[in-house]
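To start, the structure itself, in structure tokens.
Side chains are part of it too, since the values below use all heavy atoms of this structure and drop only hydrogens, waters and symmetry mates.
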Amino acid sequence: MPVRFLTLHSVVRCLMVVLTVMVTNIVEPVDGKVNISGQQKQEIEFRLKQLNKQALNSIEMTPSSYPHEVLAEENNAPAPSNDEEQPENIVHPWQLVGECPGNTIPIKRITKEDLLRVDDIMNYGKKLNISRPHQFYQPTDTSVDNGHEYAITYVNGGPYRGTKAQINVWKPRIEAGESSISQIWIVGGKFGPGLNTIEAGSHVNPTLYGDDNPRFFIYWTKDNYQNTGCYNLICPGFVQINKRLTPGYLLTPISTYNGSQFKFTVQIWKDPKTGNWWLQLNEQELIGYWPKELFTNLADEGASTIEWGGEVVNTKKDGQHTTTEMGSGHFPSEGFGKASSFALIKIIDMNNGIIDPVGVQTLVSRPTCYDIKTGYDKLYEVFFYYGGPGRNPECL
């Protein structure tokens, strides 16, 4: 069964340009009436002004070089035979009535309704479950219970200049107040307060967006999620140059169980001259970059660890394991078309070469809830299936 590349859709405005569009397959949520005090209104208005800053021109620049494929005989791997369809030419409904002019980018404005969905408006757009004091991101230590569960593969040691992978798109079911993530982590430094990460992938996060649709996202931090970083363009950091695509887009169409499969390709790499970390989608859309000045460990050196896989926020309501799904909501043993997958997984070495990862390891928080299964073949090269349903008779 052919696997097709997905298109991306969203409702956006151009910086410096007001653009109002109705998109047929997107319904923006409308919250019910919420009673808020005059002081709360003032706080919300002030926070909205902070978040929806005055528009700035996008920076016109490109990477000094692109990573290059290393021939099979160079990395001692079998020659791949990939006859899948090529990425589609992405056209968005909002572009039918115009597009952002030169030196501007599309961006989603943050609304009062967005802020009313969170407990603390000052932390809107941050990974709060990890940001609690002394609860650092440390997936390799399964004894640490910070409300997150993982099914990931990873390589250690480095330095690595980046990675590339195809991510299968699904719409996992989510419990209220939780999220399900399928992503890439670029990690710099040791797990602890000084950890740097660059992240990108697909997630379902109703608190952030007000709906349960899968969306493309990015994230960064230089202090293990304590004070720095955010999702998408919510805080200063990521520099977007693409005037067609922006982080936070809906991912559509979605894969169906035992039916059509859809995916997108993410490539992240460190520019060997400037040190900036670039983001590209579907091998044709250059989205933008994270400036090296954002980071400490990732500023001058390559990544020490690269991770690929799934993550679920488990709030353990009523003392039980969550039913929030990871990936397709099915275990990896079910295989293609049923379990979610990452395929054509590569690392980018310090010579800017795109090669197969070596010494890939796996980590699973609770295999009876979510699991992972790795493999290699000539079509998908390094790949894995992952995910699961969450709570079940073996996972309580």
Side-chain angles (χ1 to χ4, degrees), residues 127-132 134-156 163 165 167-168 170 172-175 177-192 195-205 214 217-221 224-225 229 231 266 303-316 321-333 339-342 345 357 359-375 382-392 394-396:
K127 290 192 172 185
L128 297 181
N129 293 79
I130 294 177
S131 297
R132 293 179 303 209
H134 312 299
Q135 297 232 341
F136 298 124
Y137 175 65
Q138 194 167 346
T140 53
D141 185 356
T142 56
S143 67
V144 176
D145 184 2
N146 63 0
H148 291 241
E149 295 190 21
Y150 303 92
I152 63 174
T153 62
Y154 64 96
V155 289
N156 264 333
T163 184
I167 304 176
N168 192 200
W170 293 82
R173 192 177 65 81
I174 305 297
E175 283 194 16
E178 298 183 345
S179 61
S180 183
I181 309 167
S182 301
Q183 70 165 85
I184 292 167
W185 291 263
I186 305 284
V187 180
K190 297 179 180 179
F191 293 114
L195 188 75
N196 292 193
T197 74
I198 291 172
E199 306 171 30
S202 168
H203 68 168
V204 175
N205 189 330
F217 81 94
I218 60 174
Y219 201 96
W220 70 274
T221 180
N224 208 332
Y225 310 93
Y231 282 111
V266 176
S304 56
T305 302
I306 298 179
E307 302 168 352
W308 309 266
E311 175 185 356
V312 160
V313 173
N314 177 16
T315 59
K316 301 179 182 176
H321 193 282
T322 182
T323 59
T324 288
E325 298 173 339
M326 180 188 291
S328 68
H330 293 263
F331 284 112
S333 57
S340 188
S341 65
F342 277 58
I345 300 168
V360 176
Q361 303 178 65
T362 63
L363 181 139
V364 181
S365 301
R366 294 188 64 181
T368 56
C369 307
Y370 315 105
D371 207 354
I372 198 164
K373 181 180 180 181
T374 61
V382 178
F383 72 92
F384 62 84
Y385 295 112
Y386 71 104
R391 187 167 72 237
N392 65 76
E394 303 299 322
C395 169
L396 300 174

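Taken to the nearest 0.5 Å, the CD atom of Glu307 stands 8.5 Å off from the CD atom of Glu199. One distance of note links OH of Tyr154 with CD of Gln361; it measures 4.0 Å at 0.5 Å rounding. For the atom pair Phe331 CZ and Thr368 OG1, the distance stands at 7.0 Å (nearest 0.5 Å). Considering OG of Ser365 and CG of Asp371, their distance stands at 11.0 Å, rounded to 0.5 Å. Between the OG atom of Ser180 and the CZ atom of Arg173 there is a distance of 11.0 Å, given to the nearest 0.5 Å. To the nearest 0.5 angstrom, Ser328 atom OG is 8.0 Å from Asn168 atom CG.
Aromatic ring pairs are classed by plane angle as parallel below 30°, tilted from 30° to 60° and perpendicular above 60°; the pair His148 and Tyr150 is parallel. Aromatic ring pairs are classed by plane angle as parallel below 30°, tilted from 30° to 60° and perpendicular above 60°; the pair His203 and Tyr231 is tilted. Using the six-membered ring where Trp is involved, Tyr225 and Tyr219 have ring planes that are tilted, between 30° and 60° apart.
When each of Thr163, Val266, Ile152 is tested with Trp308 by the rule side-chain contact (heavy atoms from CB on, under 4.5 Å), just one qualifies, namely Thr163.
Of all non-hydrogen atoms in Pro214 and Ser202, the two that sit nearest each other are CB-OG, 3.8 Å. Among all heavy-atom pairs drawn from Gly189 and Ser304, the shortest one is N-OG, 3.2 Å. Between Gly327 and Pro172 the shortest heavy-atom distance is O-CB, 3.4 Å. Across every non-hydrogen atom of Thr197 and Leu195, the tightest pair is CG2-CD2, 3.8 Å. Of all heavy-atom pairs spanning Tyr370 and Glu325, the tightest one is CE2-C, 4.3 Å. Smallest separation of non-hydrogen atoms from Val155 and Pro357: CG1-CB, 3.9 Å.
Side chains of Thr315 and Thr322 form no contact here, defined as non-hydrogen atoms less than 4.5 Å apart. Residues Tyr385 and Ser333 form no side-chain contact, since every pair of their non-hydrogen atoms from C-beta on lies 4.5 Å or further apart. Side-chain atoms of Trp185 and Glu311, non-hydrogen and from C-beta on, do get closer than 4.5 Å to each other.
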- side-chain contact (heavy atoms from CB on, under 4.5 Å) assessment of Arg366 paired with His321: CA-CA 11 Å; Arg366 294 188 64 181; His321 193 282; 3.4 Å; yes

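For Glu175 and Thr324, the side-chain atoms include no donor-acceptor pair closer than 3.5 Å. The closest side-chain donor-acceptor pair between Thr153 and Tyr386, if any, does not fall under 3.5 angstrom.
Between the side chain of Asn224 and the backbone N or O of Gly192 there is at least one donor-acceptor pair closer than 3.5 Å.
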